[in-house]
Amino acid sequence: MTGTHIQLDPQGRLRHFLTIEGLTHRHLTDILDTAESLRGVAERRVKKLPTLHGKTIVNLFFEASTRTRTTFELAAKRLSADVLTLNIATSSAVKGESLLDTLRNIEAMQCDMFVVRHQQSGAAEFMARHVKPHIAVLNAGDGRHAHPTQAMLDVFTIRRHKPDFPNLRVAIVGDILHSRVARSLIHALSILGTGDIRVIAPRTLLPAQVENLGVRVFHRMAEGLCDVDVVVMLRLQRERMEGALLPSEQEFFQQYGLTEERLALAHPDAIVMHPAPINRGVEIDSRVADGPHSVILEQVTNGIAVRMAIMSITLGHHARSAGEEA
Amino acid sequence: MRNTESLIKAMAGQLRERLAERGITEPMLVGLHTGGVWIAERLRQELGITDPIGQLDVAFYRDDFSRIGIHRRVQPSELPFDVDGRHLVLIDDVLNTGRTIRAALNALFDYGRPASVLLAVLVDRGGRELPIDANVVGARLELPASQEVQLTGPELLQLVIQQTTP
């Protein structure tokens, strides 16, 4: 993916949020600190801030999503923005022309931000390159490429439990190959200086040269889970699989499913994460998913604060440039 | 200028009077990040209040978001008490245009409906752009617009006057 800097303005500040790649430690901690301040809003009588009052945010979902879509919607509403969600079901490959047409049409409704989820890698970046300068674009997941807001809510959740990244051992388990979550999370963890990032997966579910991302590769749970502080389970993405990458779900669970016995290999106060939706009995046992180590529902809650932070930071940077033009 | 500690003692004296006039016996102190929180903590000690202070960051309520965006280093707001029906004392270091206090009042009311709100500031430097005034003032300063006054801390609270960069 080229042009990661399109998301930064000339002063190096976030204008769009498309990918974790190319961001600095400071970009990430600014988001995490802002999200920390936003977390308390949900506990107040009025669960709303006036920050984005008068702004219009359009969620463009070309691919199905429940959690991401609803938490983006709630994040926008809690910042007092007007929000519109368009579920544009399409199975055909993206034609630049039609995506551009969609974009121009919605632009004509005078909105300030697009939140884009698309099955095609690079769709959000394409939009960012073509929108009017006052519009911010957030990537809510593009193909196998990136899911940067998920990565930020994951590191936010990790930081709240285990803030010492240099001394942290994190294992990401399962279908790394199809996972934009894994890719973005690995980038975020390494920018934050995580001491030991591991991936555990069968060879067929690992991308080529995954080691170049700065991770240690394991093929067996018994080795990879040893003493880890954080276990991130990935959803087996059956809908993205072509051909026989897997023998069967049952066999996958036997080798890579997270059970209580396997979790016992990790650090005694390890946390278990999953981007959801979970496939119970495929990648994770119910007793673990609902057990004391699981922070899966906390991730959902944190996702709102983190998305509020990213929305207010990126739109804030547009605010000034729009003012300068006026 | 008199030292900051003596200004805080003067504030505590005035605040006692204001509270007595109104018959308020259990005020809750709310400091505005960052300087206001330091002063609120000192006032809490001076007044012998046992309840913890509230801390408010108004970054998400500011009226200049559309010009300068979200301020970096925003801190979590925390009001460790129920605001409803309570007498609050809002505390800040420097009162100037009044815009920060406008934002703070809006933020407070999203927590509940206080019985009353008093405003206590270390320094009132004039320059009001909104109909807002303080009930307790440590010192009044006449400063040209080219100068700004800042509180440094938290170990040793000190007022610093400096030339603003144009």
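Atom set for the values below is all heavy atoms of this structure, side chains included, hydrogens, waters and symmetry mates excluded. Quick note on labels: first sequence line is chain A, next is B, and so on, each numbered from 1.
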*With a 4.5 Å cut-off on heavy-atom pairs, point out which of B:Asp64, B:Val83, B:Asp57, B:Ile70 contacts chain A the most.*
B:Ile70

_Using heavy-atom distances under 4.5 Å, tell me whether A:Lys48 contacts chain B through its side chain, its backbone, both, or neither._
backbone

*Using a strict 4.0 Å threshold on nitrogen-to-oxygen distance, state whether B:Asp133 and B:Arg128 make a salt bridge.*
yes

*Between B:Asp110 and A:Arg44, is there a salt bridge with N-O shorter than 4.0 Å?*
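Yes, charged N to carboxylate O under 4.0 Å.
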
*Contact part of B:Asp84 toward chain A, heavy-atom cut-off under 4.5 Å: side chain, backbone, both or neither?*
side chain

_Heavy-atom pairs under 4.5 Å with chain B, option from A:Leu38, A:Asp33, A:Ile313 with the top count_ = A:Leu38

*Charged tip of A:Arg307 within 45° of A:Phe72 ring normal and under 6.0 Å*: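 Judged by the rule, A:Arg307 and A:Phe72 form a cation-pi pair.
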
*asked:* I'd like to know if the side chain of A:Glu107 reaches the main chain of A:Lys132, judged simply by a donor and an acceptor atom lying under 3.5 Å from each other, with no hydrogens or angles considered.
replied: yes

